[in-house]
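Residue numbers begin at 1 in each chain, while the letters A, B, ... track the order of the sequences.
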Protein chains: 2
Amino acid sequence: VPDPEHQLRLLCAGTVDVIRREELAARLRTGRPLRVKLGIDPTAADIHLGFAVVLRKLRQFQDLGHLAVLIIGDFTARVGDPTGRSATRPPLTAEQVARHAESYLAQVGRVLDLRAGRVEVLHNADWLGELDMGDVLRLTAQVTVARILERDDFAARMRSGTPIALSELLYPLLQGTDSVEVRADVELGGTDQLFNNLMGRHLQAQAGQEPQVVMTVPLLEGTDGVQKMSKSLGNAIGIAEPPAEQFGKLMSIPDAVLPRYLSLATGWDPDRARAAVEALAAGELHPAAAKRLLARTVVDLYHGPGAGEAAEAEFDRVFRAHEPPRDLPEVSLPVAELPMELPVLLVRAGLAASHREARRLVTQGGVRLDGRRLDDPEAHLDATDLDGRVLQRGRRRFVRVRVAPPGSGGGNGGASGDVVPVRSERDRSE
Amino acid sequence: VPDPEHQLRLLCAGTVDVIRREELAARLRTGRPLRVKLGIDPTAADIHLGFAVVLRKLRQFQDLGHLAVLIIGDFTARVGDPTGRSATRPPLTAEQVARHAESYLAQVGRVLDLRAGRVEVLHNADWLGELDMGDVLRLTAQVTVARILERDDFAARMRSGTPIALSELLYPLLQGTDSVEVRADVELGGTDQLFNNLMGRHLQAQAGQEPQVVMTVPLLEGTDGVQKMSKSLGNAIGIAEPPAEQFGKLMSIPDAVLPRYLSLATGWDPDRARAAVEALAAGELHPAAAKRLLARTVVDLYHGPGAGEAAEAEFDRVFRAHEPPRDLPEVSLPVAELPMELPVLLVRAGLAASHREARRLVTQGGVRLDGRRLDDPEAHLDATDLDGRVLQRGRRRFVRVRVAPPGSGGGNGGASGDVVPVRSERDRSE
């Protein structure tokens, strides 16, 4: 284990806020393993490259002998958004939360060290669910309204007259209560969590504990290059997504955010990232080449060495030579259901969420069959039109259609009409 | 029972706000007994003339066949003031709350009809104590921060930068939850409760109930004529205080608040009160005479017809003829404890709260023995100085001192040094 001064430099590299650096230094000097808290929202179990930034910081602590304390925020997930304003936050059942948490842990293992003794996984419903109204009054007595309303987003909403539900003021206190409960030495988060995590310091001090060190890391922009990466904004790249998806999405980011991605998404140490960013700025590295480098690096990071190069070759095959990809999902249609209207087919193939959306795609020219555009949403397609052909949405989504003869059970062992990701015949013959 | 229109006029007389009058009219027209809620704070069990204003309004509802629903606020009393800012609001035990509530109900019977079927007495810890953190989030989701901060005192404190604990924002919601729980048709309160009681309307509407009608009555000023009557401000007149105390305090109020007292403290109907106020304004009724009329009326109201006249006669005997009052508490001192320093004696006699206060009273010339001023706080008084004499603080507080011979157990059956209110020998001989 490196000496405390060296640990301090490593751990502070790439952070935005460290409150306070001298407190972190003092704790590192004690030589004991620190309890490093990270809160997890189990409403969205998919981990994206943005969240991976903080996970890698946590991994760094682990590698220096400290303990990762993961707090699954199952309490608030189970309450949902009680204002009912957010349709995306319905109350989840205990089972849903458990399933998300499991999926989360499966993914998080791509970054964290999940061996016994390196990580503690706790569920905050275990303590928050025990609080009664008297506890709530004692908890809320420790914080002033003015202090809570200082949080940037609350302050902005108060100024603009946008309603804030009283319940929203309580959430930072719940997160802070978690810090008291787990006796965190350090709490990690994105810069948007600075206020909430400082609340943990405040409540720990009120409870007579030494207040945690709060460290924040930058928020990574999504593939749109504008808003922070978020699954609900549709601009996220999941760390568990297939190589082709990761590669394609990374190739699509705007040039302007390339330096951010090179610094935050590659897992490179700060010096290496800085060198690449400078080469880009100096014109020594072309943006297209930088994106290929970025995409190969990220795919390698989450799918193992070599996965990046393979993804790049496949990408070129599809997008330069305009051939369908090698790995192609299939949809199997019983012959009895044919002919089928084109929008119905697109939904069955999983290429559209609704008939309405499918119809829009067709009229906008976004649907092809074996490379030829289909532009009539009223078109009825028969077995001869479809069997063995590749249905395509936009530039990157393909499904091969199989027509199953009567009595065959739908072919390929899948349920009728299900999309089954299998290797194509061409692959099998190789 | 009078017809609904007549009930409406009677019930709205003397109120400040009725929100809304047409809703009250509609409920009265249904002919069913209305549930009329009044919240009681069991931290101060003494009922004063200010609180009696709203109690009399509640009695009026009872007399028209409606049900008084008294909510003992034991939940918040037992939590106390969790900010620790108010030394006067320590958490109370369940036993203390029960004792206060009992004392409260004993006094409230001087105004309300406490017979079965006329009143329901409920304790809000029964439901508020059952709320968990999830319930709290759902409850607080129903209210915006802006709306809560509209309350006059919160708004003023936000403007002036005076801290508001987050817990304080929750109390109006607790009172509102009480209204939902008891399905109140009407809630009564002083004008200072308008906001809190409107919260009950809001939460009832959210819960799918018809929102309660909120009615407020004026706040009576205390004997200082400036601040609202409140036991903690020391300007209160209790409805259960002895006639002489009530009479004397009412004679001491500033002339400026006489119209308020004539309107709010006498129990007179609005016409009669208005006539007295007008006579006073026209100079037909002298302020001193008006005070005597007021004082007689109030003493009659709480101690029965004739009690007012008797209190007036006693008042004149003491303050005009400068004789000690007939009804005099006694303090019994064991001879073994004499001589006694004057400040110690004053505390033992219940005329001072501390030796420090006693010393100040003496040096300010506020202490007399049989009418002669005692001005030496170092004076030691012996049995011959004290036995049978009347110790006096200020103009209106008297205690007769008895010296108990050795082995008598302190005399008068009381514990050594206790002040025992007994009739004096002179009374007994009558």
**Study point:** Partners meeting salt bridge (Lys or Arg N to Asp or Glu O under 4.0 Å) with B:Arg201 (sequence neighbours left out)
**Key:** B:Glu23
Point to revise | chain B neighbours within residues 145-152 of chain A, where any heavy atom lies under 4.5 Å away | key: A:Val145, A:Ile148, A:Leu149
Practice item. Kindly check if the number of other-residue, nucleotide or ligand heavy atoms within 6.0 Å of CD (A:Glu102) is above 12? Key: no
Point to revise | Min side-chain heavy-atom separation B:Phe51-B:Val108 under 4.5 Å | key: no
Revision key, fill the gap. Note: vs chain B, highest number of non-hydrogen pairs under 4.5 angstrom among A:Asp135, A:Leu128, A:Leu170 is A:Leu170
Review point. How close do B:Ala141 and A:Ser167 get, heavy atom to heavy atom, and via which atoms?
Key: CA-OG, 3.3 Å
Check your understanding: What residue, out of A:Leu166, A:Leu174, A:Val143, has the most heavy-atom pairs lying under 4.5 Å from chain B?
Key -> A:Leu166
**Study point:** Within residues 187-194 of chain A, residues adjacent to chain B where the heavy-atom gap is under 4.5 Å
**Key:** none
**Study point:** Pairing residues for A:Asp74 by the salt bridge (Lys or Arg N to Asp or Glu O under 4.0 Å) criterion, not counting sequence neighbours
**Key:** none
Check your understanding: What is the minimum heavy-atom distance between B:Gln206 and B:Gln142, and which atoms define it?
Key -> CB-OE1, 3.1 Å
**Study point:** Side chains of B:Ser179 and B:Gln175, donor plus acceptor under 3.5 Å
**Key:** no
Exercise for review: Heavy-atom distances under 4.5 Å only: say whether A:Leu139 touches chain B with side chain, backbone, both or neither.
Suggested key: neither
Point to revise | Engaged part of A:Phe154 at the chain B interface, taking heavy atoms whose separation is under 4.5 Å | key: neither
Revision key, fill the gap. Per-residue tally against chain B (heavy atom, under 4.5 Å) across A:Arg78, A:Met133, A:Met158 peaks at A:Met133
Practice item. For residues A:Ile47 and A:Gln107, report the shortest heavy-atom separation together with the two atoms involved. Key: N-OE1, 3.0 Å
Exercise for review: Let me know if B:Leu173 has heavy atoms under 4.5 Å from chain A in its side chain, its backbone, both or neither.
Suggested key: side chain
Check your understanding: Considering only heavy atoms from C-beta outward, does the side chain of A:Val186 approach that of A:Gln212 to under 4.5 Å?
Key -> no
Point to revise | Validation row: A:Leu55, A:Leu38 side chains within 4.5 angstrom (heavy atoms) | key: yes
Point to revise | Contacting region of B:Leu131 [heavy-atom separation from chain A under 4.5 Å] | key: both
Review point. Just checking, any donor-acceptor pair under 3.5 angstrom between side chains of A:Thr15 and A:Lys57?
Key: no
Point to revise | Distance-minimising heavy-atom pair for A:Val213 and A:Leu24 | key: CG2-N, 3.7 Å
Exercise for review: Grab the two heavy atoms, one from A:Lys37 and one from A:Ala184, that are nearest each other, plus how far apart they are.
Suggested key: CB-CB, 3.8 Å
Check your understanding: Under a 4.5 Å heavy-atom cut-off, does chain B meet the side chain of A:Leu137, its backbone, both or neither?
Key -> both
